[in-house]
Amino acid sequence: MKLLEDALKIVLDSAYEVDNEKVELNDSMNRVLAEDVFSDMDMPPFDKSAMDGYACRMEDLRNELEIIETIPAGKVPVKEVLKNQCSKIMTGSMVPKGADCVIMVEHTKETAENKIIFTEEKTNQNIAFKAEDIKTGDVVLKKGTLIKAQHIAVLASVGCAKPNVYRKIKVGVISTGSELVEPDQKPGLSQIRNSNAYQLLAQIEKIGCIPNYVGIAIDTHEASHKAITTALNTNDVILLSGGVSMGEFDFIPQILKDLNVEIFFQTLAVQPGKPTVFGRIGKKFVFGLPGNPVSSFNIFELLTKPLIYKMMGYNYKPLAIKLPLAKTYERKKARRQSFIPVKITDDGKALPLEYHGSAHIRAMVYADGLISVPIGVTKINEGELIDVRQI
Ligand code: AMP
Ligand code: MG
């Protein structure tokens, strides 16, 4: 049995980065930048008003001011503000020459036509100065950034309309098991619906990859062999679910060996998720995941996702937050590192979910995260601070 940390190291050490391509900004969400992005301009590009109000000189604040111009956003002011003058200005407009502050419209009173006075004691400058956020040539986003909505705003603002990103990873999914029927079928006696493949396809989609569903392979050597060969032809990574434990019909590892897949490990000291196969053939990777949906969910999170992210050029570190445990957790055996689904309660505690083994998909429905129970640990007390890994 491989320890999780050793397995993760093997997986990450075997990963390589894929090629890159330019994509439209709209298609860049969940992709990873393949180069640094520089700003082609200062930001703000000019001294910009942060308020709706009047641009004037700080030293004239005690005096009646004459309005000489109105400056809407997008217009270049034509008049310089001189002594006891002001220009009416909108948020985002260019501050006119001569002015060194903007007084808020709420802090003024009209005294005559085109005349105002400032009604407060003092004011902030209320100006966002040219280049105060970003200077021309600054790196605004680094190579390796996983692009989220907020990054797209930055890309747009520096004119990076076609970011250079790593290409999408193609991931094939095969479900093995003669007991499986697809979700639109009513299972007969001794059959169950294939939930695992669809969960995996969703997990793949969530991290910005291209999922390719190959289908169900019944438990014959021939069917599995055919499905694996098909999947290997067109994908970078293939995920098999089921057929990797010790049963009479669990012959996936043997088929992989017959196909010259180099197997790096076959069992993990992880619960759930012990029967997990990882191998490589050329530049393609194969995971044989446990058939049980909770186990397969876990192993995807723990090993598949880090591999794929690394191939996408992203140095993935799972986000974990420390929270107090809402209820004491106990287990009898402690030979494997265990992952328990937890719900984050309204008062900010981690509540371990009732969990009856690796087929218990309903426990996962309420899960906000996973906690890890190390090998050798049988009890974690209520109130103890524990890392909750976001899923
Ligand atoms: P296996 O690893 O093939 O022995 O499967 C372990 C358990 O997971 C068995 O109870 C299977 O019926 C179940 N299982 C296997 N594949 C799937 C699947 N695609 N969806 C839901 N359950 C599955
Ligand atoms: Mg099976």
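Below, all heavy atoms of this structure are taken into account, side chains as well, without hydrogens, waters or symmetry copies. In listed order, ligands and their atoms are each counted from 1.
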> Looking at Phe300, is Lys305 sitting on its ring face, NZ or CZ under 6.0 Å from the six-membered ring centre and within 45 degrees of the normal?
Replying inline: no
>> Within a 6.0 Å radius of atom NZ on Lys284, are there more than 12 heavy atoms belonging to other residues, nucleotides or ligands?
In response: yes
> Is any side-chain N of the basic residue among Glu384 and Lys322 closer than 4.0 Å to the acidic one's carboxylate O?
Replying inline: no
>> Tell me which residues fall inside the under-4.0 Å heavy-atom shell around ligand 1.
In response: Ser175, Thr176, Glu179, Leu180, Ile192, Arg193, Asn194, Ser195, Asn196, Ser241, Gly242, Gly243, Ser245, Asp250, Gly291, Asn292, Pro293
> Glu64 and Thr111: side-chain donor and acceptor closer than 3.5 Å?
Replying inline: yes
Validation: residues 236-256 side-chain donor-acceptor distances under 3.5 Å, sequence neighbours left out:
from	atom 1	to	atom 2	distance (Å)
Asp236	OD1	Arg167	NH2	3.0
Asp236	OD2	Arg167	NH1	3.1
Asp236	OD2	Lys170	N	2.7
Ser241	OG	Asn196	ND2	3.3
Ser245	OG	Asp250	OD2	3.0
Asp250	OD2	Met246	N	3.4
Asp250	OD2	Gly247	N	2.7
Gln254	NE2	Asp258	OD1	3.0

> Are Val11 and Tyr314 connected in the hydrophobic side-chain network, where two residues link if heavy atoms are under 4.5 Å apart?
Replying inline: yes
